[in-house]
Q: 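I have a structure I would like to understand better, so I am pasting it below and will then ask my questions one at a time.
These numbers come from a predicted model, not from an experiment.
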Amino acid sequence: MMDRQHDISHWLEALPDPLVGRDAEGRLHPINRAARSMPASSRLEGMLNDRDGSTSPRLVNQLPNDTTERRVYRHLHLGSHPDPDATPRELHLLQDVTGEKRAETALAETERLVRLLIDSSPDVIQVKDGQGHWLLANQAALDLFRLEGLPWWGRDDDAMAELTEPAFRDAFYFCRQSDERAWKAEELHRESEVIKSPEGEELVFETIKQPVFDADGRRHAMIVIARNITAQLRAQAEYEDLAIHDELTLLYNRRFFQIEAQRRLDELGRENRHAAVAVLDLDRFRSINDCHGHEEGDRVICQMADRLRDLGAKQDWLVARLAVDEFAILAADVEPNDGPEVLGAALRELVRHTFELETTNLTLTASTGIAYWPTHSRHIAQLLTQADAAMFEAKKNEREPVAVFSPQLSARQIWRSEMLGALRDSLENDRFHLVYQIQQDALGLAVTGVEALLRWEAPDPQLQCGPQDFIPFLEQSGLIVEVGAWVMIEAACQAIEWGRETGEPITVSVNVSSVQLHAPCFAERVARALEISGLPPERLELELTETALVHDPEQAATMLDAVRELGVRLALDDFGTGYSSLSYLKRFSFDRLKIDQGFVRDILGDRNDLEIVRAIIAMGNALSLEIIAEGVETTEQRDLLDALGCHSFQGYLIGRPTQAEAIRPLLGVRLL
């Protein structure tokens with residue numbers, strides 16, 4: 001018996017957990033070494049005080065001190081002796097669960113962090129058991145299916161379909177089918193799923209499903225991660241759309257037009273049919289950007305694009321925007337030589353109506369070049385180049401701005417392209433300059449005015465040419481608006497400088513092209529030149545030809561009225577060479593007529609020229625207009641013109657065009 005008690009005592013002493021007894025008076029007695037080794041500060045009475053009389057296990061804390069850390073024990077009341085006087089009366093076991101509780105706390109913290117992680121993810125995350133019941137869903141999943149506050153845990157997809165919005169029923173059905181495909185694949189499974197929201201929006205998800213099997217190969221869990229790729233797909237679709245469409249007008253761009261046009265042409269070739277490619281360019285478009293700003297220019301481009309789109313839809317023509325104001329059309333079943341009639345008429349109709357800007361309406365024209373397939377080429381890139389060359393040729397004819405490609409245009413197109421490139425850079429690089437030709441008064445033979453003439457120094461000697469060649473290029477490209485404004489400012493400033501040096505008022509004449517006159521900002525450019533130079537308005541004379549007036553007389557009249565209000569003088573240049581001179585004299589308020597040098601050249605030997613000049617002078621005098629004769633080269637010509645009543649002369653006899661410094665000594669000198 002003693003040996004047995006010794007064994008029990010030995011076992012209790014070796015027990016790692018403190019064993020404590022309580023006697024009948026409630027005093028505590030450490031029974032084993034673990035209990036005796038507990039620090040005095042442990043306050044066993046507080047730890048073992050069963051105030052509620054419960055014998056169930058409970059956790060108690062050993063408060064820390066400077067040398068010990070806080071420990072946690074599980075208090076087990078092992079029971080009471082039936083003899084109330086027995087010692088110990090009660091047995092209490094304190095199991096040290098500090099490590100266990102630390103592990104539980106760490107696990108709980110890890111679970112909290114994992115939950116924060118999956119809830120902060122924008123991707124939908126779910127975990128289902130082997131039978132498809134939902135065990136876990138992150139916030140994105142709850143938000144997607146509107147599950148917040150609903151008892152979703154433990155339900156399968158069929159039950160979820162009944163639990164939430166009816167709009168999700170198809171989605172849950174397809175999710176279940178997709179899960180089944182993942183189970184059968186027995187490996188990571190990717191799939192796209194479409195979920196329609198109650199508002200009718202279709203959301204596309206790229207879904208990853210990982211089936212998990214237990215050790216026996218049974219279905220254990222399904223891990224689902226779904227990423228919303230709706231915005232990505234939309235962005236990709238928009239990018240692909242931009243790859244084939246022009247961003248401003250939404251017409252096809254040049255790249256896609258070439259691809260699609262070539263496909264259509266190849267198809268037409270198999271059917272032995274013909275086609276035409278047209279390139280259309282808005283005339284003087286650059287002046288709209290210069291005068292009204294690029295936003296208004298874009299407004300014009302969009303209106304033109306809308307008209308072309310409607311025309312293309314009606315005719316089944318392929319339409320594209322190639323560049324700023326340049327468009328392309330592929331028209332099937334247009335026979336060779338029918339292009340001007342079929343395409344030209346349709347495209348002219350498009351610009352017949354005005355274009356609406358924010359504050360005004362504009363009347364524009366367009367030039368069209370045409371190339372035929374397969375006559376000129378079987379390749380769309382070459383056809384576009386050929387049509388482009390024809391388009392520039394068409395710009396020379398304002399009455400009928402449609403031209404068909406011919407082989408002779410290719411070399412001219414290359415030269416034209418180089419010319420335009422050089423001219424575009426010349427204003428910034430100071431390659432333009434002015435020369436001046438004096439005008440002589442008939443009464444005292446005094447020099448009272450000069451005409452400013454534009455000259456150009458080409459960067460390449462092979463491009464060097466005179467104003468009769470480079471000015472048409474400036475007009476075709478619209479550069480004449482900007483260059484012409486520079487000419488007015490430069491000439492007006494020079495006139496002011498001469499006036500200060502001589503004390504004599506000098507009138508300077510500046511030529512104005514049709515493109516300048518019809519630019520909406522023309523009157524503003526004239527006013528700007530007067531403001532910058534300080535030249536009195538009556539000392540600036542603008543010379544216009546009938547060509548500048550014939551294009552759109554109504555708009556020309558409006559613009560010239562605005563210029564006249566500034567006080568600027570107007571002269572009709574090359575009078576007598578057109579067909580409507582008399583009507584222009586009646587309609588527009590000119591101050592001076594310039595007799596064309598073609599009549600002056602043979603005035604001494606050709607009676608017809610003499611009578612024409614006589615009639616012009618008589619008519620001008622009757623209308624109280626000043627008359628100046630151009631091309632005066634001999635004293636005899638000048639004397640005859642003087643006798644006929646001509647007021648002023650200009651020509652090589654009076655003075656050749658020369659630099660400004662050579663003009664200065666001639667100003668203010670009267671010969672009579």
Side-chain angles (χ1 to χ4, degrees), residues 251 254 257 261 265 274-286 300-301 303-312 314-355 362-377 380 382-413 416-417 420 472-473 475-478 513-515 518 547-548 550-552 579:
L251 293 176
R254 177 187 287 271
F257 177 82
L265 291 175
H274 292 83
V277 173
V279 172
L280 176 143
D281 179 86
L282 293 176
D283 298 326
R284 300 178 290 277
F285 175 76
R286 180 167 177 161
V300 170
I301 293 298
Q303 291 178 47
M304 187 65 198
D306 290 341
R307 298 177 189 185
L308 283 168
R309 184 182 293 106
D310 293 341
L311 176 64
K314 292 176 183 177
Q315 302 287 353
D316 194 24
W317 292 351
L318 185 66
V319 180
R321 183 190 182 202
L322 302 182
V324 179
D325 61 324
E326 192 172 293
F327 301 87
I329 301 98
L330 172 64
D333 299 319
V334 176
E335 299 291 332
N337 302 322
D338 289 345
E341 181 179 349
V342 176
L343 282 166
L347 297 177
R348 278 196 303 273
E349 181 65 19
L350 293 186
V351 294
R352 186 174 64 85
H353 302 288
T354 59
F355 291 81
L362 294 179
T363 299
L364 301 178
T365 59
S367 299
T368 304
I370 300 172
Y372 295 115
W373 183 91
T375 303
H376 293 132
S377 177
I380 186 62
Q382 189 170 5
L383 287 167
L384 284 172
T385 301
Q386 293 167 342
D388 196 57
M391 181 266 292
F392 277 101
E393 191 69 18
K395 286 185 176 291
K396 297 179 180 180
N397 186 358
E398 292 191 0
R399 292 181 180 271
E400 189 63 30
V402 178
V404 176
F405 173 76
S406 65
Q408 293 77 15
L409 292 178
S410 293
R412 293 172 63 185
Q413 173 67 4
R416 181 182 292 109
S417 177
L420 288 175
F473 280 94
E475 293 176 328
Q476 292 167 15
S477 64
S513 76
S514 173
V515 179
H518 291 89
T547 304
V550 71
H551 167 60
D552 188 346
Y579 300 97

Q: Between Met304 and Leu364, does a side-chain contact (heavy atoms from CB on, under 4.5 Å) hold up when you go through it step by step?
A: CA-CA 10 Å; Met304 187 65 198; Leu364 301 178; over 6 Å; no
Q: Are Val404 and Tyr372 packed together at the side-chain level, in the sense that at least one heavy-atom pair is separated by less than 4.5 angstrom?
A: yes
Q: Find the distance between CZ (Phe473) and NZ (Lys395) and round it off to the nearest 0.5 Å.
A: 12.5 Å
Q: Could you grab the distance from atom CG of Leu350 to atom OG1 of Thr368, nearest 0.5 Å is fine?
A: 9.0 Å
Q: Between Val277, Leu383, Leu265, which is the residue that forms a side chain to side chain contact (heavy atoms under 4.5 Å, CB included) with Ser377?
A: Leu383
Q: Please say whether more than 12 non-hydrogen atoms of neighbouring residues, nucleotides or ligands are located less than 6.0 Å from CD in Glu335.
A: yes
Q: Do Leu347 and Val402 pass the side-chain contact (heavy atoms from CB on, under 4.5 Å) test, and can you show the C-alpha distance, the side-chain angles, and the key distance before you say yes or no?
A: CA-CA 10 Å; Leu347 297 177; Val402 178; over 6 Å; no
Q: Could you tell me the separation between the CG atom of Asp306 and the CG atom of Leu311, rounded to the nearest 0.5 Å?
A: 12.5 Å
Q: Any idea which heavy atoms bring Val300 and Leu282 closest together, and the distance?
A: CG1-CD1, 4.1 Å
Q: Kindly compute the distance separating CD1 (Ile370) from CG (Asp338), expressed to the nearest 0.5 Å.
A: 10.0 Å
Q: Any donor-acceptor pair under 3.5 Å linking the side chain of His376 with the backbone of Phe405?
A: yes
Q: Which distance, rounded to the nearest 0.5 Å, do you find between the CD1 of Ile301 and the CD of Glu326?
A: 10.5 Å
Q: Minimum heavy-atom separation for Ala332 and Ala275, please, with both atom names.
A: CA-CB, 4.0 Å
Q: Any luck finding a side-chain donor-acceptor pair between Ser367 and Asp283 under 3.5 Å?
A: yes
Q: Are side-chain heavy atoms of His274 and Pro336 found at a separation under 4.5 Å?
A: yes
Q: Taking all non-hydrogen atoms of both residues, which atom of Leu343 and which atom of Ala331 are closest, and how far apart?
A: CD2-CB, 4.0 Å
Q: Take Phe257 and Leu251, measure what side-chain contact (heavy atoms from CB on, under 4.5 Å) needs, and give me the verdict at the end.
A: CA-CA 9 Å; Phe257 177 82; Leu251 293 176; over 6 Å; no
Q: Can you list the residues that meet the side-chain contact (heavy atoms from CB on, under 4.5 Å) rule with Glu349, with sequence neighbours excluded?
A: Arg352, His353
Q: Can you see which heavy atom on Ala366 is nearest to which on Pro401, and at what distance?
A: O-CG, 3.4 Å
Q: Just grab all the side-chain hydrogen bond (donor to acceptor under 3.5 Å, both in side chains) pairs involving residues 315-324, residues at least two apart or on different chains.
A: Asp246-Arg321
Q: Over all heavy atoms of both residues, which pair between Ala371 and Ala387 is shortest? Give the atoms and the distance, please.
A: CB-N, 3.9 Å
Q: Any salt bridge linking Asp310 with Arg307? Criterion: basic side-chain nitrogen under 4.0 Å from a carboxylate oxygen.
A: no
